[in-house]
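Just below is one structure, and these are the notes that go with it.
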Number of protein chains: 2
Amino acid sequence: MSLQLITGQSTNFAVEKPTLSSLFRRQPIERLAPGFAVFWEGDEARNIFEVVEGMLRVYRILNDGRRVILGFVRPGDLLGVSLKGHYLYTVEAITPVELRRLPKHHFESLSEREPHLKEQLFSKLCDEMAAAQDQMVLFSRRSAEEKLAGFLLLMARGHVRNRRMLIDLPMTRLDIADYLGMTIETVSRTITKLSGCGVIATVERRAIALMNMDALIALAGGELEDSSFRQAYDRRHAMA
Amino acid sequence: MSLQLITGQSTNFAVEKPTLSSLFRRQPIERLAPGFAVFWEGDEARNIFEVVEGMLRVYRILNDGRRVILGFVRPGDLLGVSLKGHYLYTVEAITPVELRRLPKHHFESLSEREPHLKEQLFSKLCDEMAAAQDQMVLFSRRSAEEKLAGFLLLMARGHVRNRRMLIDLPMTRLDIADYLGMTIETVSRTITKLSGCGVIATVERRAIALMNMDALIALAGGELEDSSFRQAYDRRHAMA
DNA sequence: CGCTGATTTGACAAGGTTCAAGCGAAGTGG
DNA sequence: CCACTTCGCTTGAACCTTGTCAAATCAGCG
């Protein structure tokens with residue numbers, strides 16, 4: 001009787017199929033100070049990570065010393081999801097970060113018995129893939145204004161419904177520049193310009209207020225980067 | 001006795017676990033003329049395709065009418081690998097194309113019994129992911145020269161070992177431009193420029209000879225885009 | 001041969017990079 | 001507590017690449 005009560009109360013310990021997130025929830029939280037790396041490009045890929053708190057940058061260093069930022073990672077995102085033997089990029093904390101580590105072999109042996117775990121990972125990878133393609137679209141924007149507007153909308157995530165909102169930009173201008181493929185000067189100038197138009201307002205160094213969401217979306221080319229919105233898209237060219 | 005002989009000879013019909021490619025090989029070949037689409041962005045994603053022959057372009061049309069080419073697809077590549085309910089892009093034949101179609105539900109019911117099929121698809125998706133990231137790096141190159149050099153190396157695939165080689169470019173200049181995020185004029189000018197340096201030579205409209213592979217690699221930033229090469233990369237920054 | 005569509009080439013302007021300097025906030029050490 | 005340094009960010013000016021517009025050239029095809 002009493003045992004039933006307990007299991008009834010704390011559903012976390014109910015005997016259910018383990019989900020990906022329940023697997024992670026069993027792992028202890030690890031903390032990382034800004035500037036420190038979770039792993040380096042080329043490291044043997046032994047773990048998968050789930051970000052619990054904070055923001056990180058994913059990047060590669062090219063031969064000529066240039067740094068290309070492939071993306072920013074936030075709570076809920078997974079890191080190191082790949083069958084490759086080595087990590088394909090470096091991941092570094094921007095803010096103080098909390099994450100959980102899951103050894104790959106651990107996941108693999110478990111997913112032998114629980115195929116739906118693979119399913120979930122697969123689904124995550126598909127999301128990541130879609131996000132990567134969205135980013136390629138973002139990159140292909142020509143002007144600095146379009147790129148930055150797109151970037152800000154990306155950082156606003158799904159909250160585009162609100163006409164006004166405040167977004168955190170914990171990364172430096174250099175991070176943004178290396179992400180969008182421009183220079184810090186152009187990033188800075190463009191932010192100044194958008195502030196001048198009243199589209200955005202710089203609240204603090206690392207926070208920006210989106211003052212006129214419609215204008216921002218229009219500047220970004222009218223396209224919502226968030227692929228969840230594109231689902232409802234009508235096929236304009238089906239008859240072309 | 002005779003039965004054993006037969007199964008011994010034609011290993012294709014041996015009672016083995018079906019692989020992804022053996023699954024596809026059972027499907028009839030479908031042909032597609034240049035300019036025709038395999039599927040459209042937004043279509044319900046009912047099938048997975050394997051390209052057998054030819055080249056296709058993968059693209060999205062933005063609100064403002066601009067076309068962004070996300071990639072080119074060649075024999076051996078899969079199309080429509082995703083758990084999304086709808087295709088995220090349009091795929092169109094550039095050359096005459098041969099492909100095989102596999103209904104998604106068919107694959108799914110099969111992979112229930114044969115988990116390693118999912119494994120293979122997962123692996124493919126990982127490859128695609130890595131390729132997408134390579135492309136983001138390619139995009140982030142600044143000058144038109146770097147981008148085009150990188151693009152040519154990408155089209156040369158793994159054949160970078162040869163000091164000289166001939167590559168097909170069945171796509172138009174506009175395709176290349178929409179892929180690299182530049183204009184046809186710049187693409188054309190850059191090709192002319194590289195020809196002038198003796199790095200490449202335009203054999204035909206749709207074929208280019210790579211005359212000096214080392215110079216081309218240097219122009220592309222010294223980085224080999226093909227991720228299979230990067231595997232062997234040493235970690236320069238592990239001690240930073 | 002004359003059409004059409006793709007490609008190349010030229011001239012010019014716009015926008016972004018580069019180089020250089022100034023600003024402002026945070027942290028350090030006297 | 002106040003110089004002093006540092007780092008990230010902004011701003012300015014000159015230069016250069018690329019986009020734009022326009023025209024010429026080329027290739028394929030009826």
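Each chain gets a letter, A, B and so on, in the order the sequences are listed, and its residues count up from 1.
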Q) Would B:Met136 and A:Val68 count as a side-chain contact (heavy atoms from CB on, under 4.5 Å) if you check the C-alpha gap in whole Å, the side-chain angles of each, and the deciding distance to 0.1 Å? A) CA-CA 9 Å; B:Met136 280 176 2; A:Val68 179; 5.8 Å; no
(Q) Let me check the geometry of the helix from C:dC1-D:dG30 to C:dG30-D:dC1. What is the bend angle between the axes at its two ends, five pairs each, to 10°? (A) 30°
Q | chain B contact limits on DNA chain D, taken 5' to 3' with a cut-off of 4.0 angstrom to heavy atoms | A | D:dT18 to D:dA27
Q | For B:Arg74, all residues meeting side-chain contact (heavy atoms from CB on, under 4.5 Å), sequence neighbours excluded | A | B:Met55, B:Asp77, B:Met155, B:Arg157
Q | Pairwise ring pair (Phe, Tyr, Trp, His ring centres under 6.0 Å) hits with a residue in residues 169-195 of chain B, at least two apart | A | B:Phe72-B:Tyr179, B:Phe151-B:Tyr179
Sort me out a list of protein N/O and nucleotides 23-27 of chain C N/O pairs below 3.5 Å, or just none if empty.
none

(Q) Once salt bridge (Lys or Arg N to Asp or Glu O under 4.0 Å) is applied, what residue pairs with a partner in residues 208-220 of chain A remain, sequence neighbours excluded? (A) A:Arg163-A:Asp214
Q.
side-chain contact (heavy atoms from CB on, under 4.5 Å) for A:Ile61 and A:Thr90? Distances and angles first, verdict last.
A. CA-CA 9 Å; A:Ile61 302 285; A:Thr90 301; over 6 Å; no
Q | Of residues 191-198 of chain A, the positions that come close to DNA chain D - non-hydrogen atoms, cut-off under 4.0 Å | A | A:Thr192
(Q) Run the side-chain contact (heavy atoms from CB on, under 4.5 Å) test on A:Leu138 and A:Leu180 for me, step by step, so that the C-alpha distance in whole Å, both residues' side-chain angles and the decisive distance to 0.1 Å come before the verdict. (A) CA-CA 8 Å; A:Leu138 178 59; A:Leu180 296 176; 4.2 Å; yes
**Q.** side-chain contact (heavy atoms from CB on, under 4.5 Å) involving A:Arg101 - partner list, sequence neighbours excluded
**A.** A:Glu30, A:Asn47, A:Phe49
Can you list, pair by pair, the side-chain donor-acceptor contacts under 3.5 Å of residues 194-205 of chain A, counting residues two or more places apart and other chains?
{"unit_1": "A:Ser195", "atom_1": "OG", "unit_2": "A:Ile191", "atom_2": "O", "d": "2.9"}

Q: Give, ordered by number, those residues of residues 173-188 of chain B having at least one heavy-atom distance below 4.0 Å to an atom of DNA chain C; if nothing qualifies, reply none.
A: B:Arg173, B:Glu185, B:Ser188
Q | Residues which pass ring pair (Phe, Tyr, Trp, His ring centres under 6.0 Å) with A:Tyr87, listed by chain and number, not counting sequence neighbours | A | A:Phe39
Q. Nearest-Å distance, CD (B:Glu145) to P (C:dT17)?
A. 17 Å
Q: Flag the pair B:Leu152 / B:Leu169 as yes when at least one side-chain heavy-atom distance between them is below 4.5 Å, and no otherwise.
A: yes
Q. Does A:Arg189 make a side-chain donor-acceptor contact with the base of C:dG15, cut-off 3.5 Å?
A. no
Q.
What verdict does the side-chain contact (heavy atoms from CB on, under 4.5 Å) test give for B:Met213 and B:Leu153, after you've listed the backbone C-alpha separation in whole Å, the side-chain angles of each residue and the deciding distance to 0.1 Å?
A. CA-CA 9 Å; B:Met213 196 63 80; B:Leu153 287 176; 3.8 Å; yes
Q) With side chains defined as the heavy atoms from C-beta onward, is the minimum distance between A:Ile48 and A:Phe24 less than 4.5 Å? A) yes
Q.
Restricting to side-chain contact (heavy atoms from CB on, under 4.5 Å), what partner residues turn up for B:Arg66, sequence neighbours left out?
A. A:Arg141, A:Arg142, A:Glu146, B:Leu62, B:Asp64
Q) Of A:Glu41, A:Arg67, A:Glu92, which meets side chain to side chain donor-acceptor pair (under 3.5 Å) against A:Tyr59? A) A:Glu92
Q.
What I'd like to find out is whether the side chain of B:Leu70 reaches to under 4.5 Å of the side chain of B:Arg60, using heavy atoms alone.
A. yes
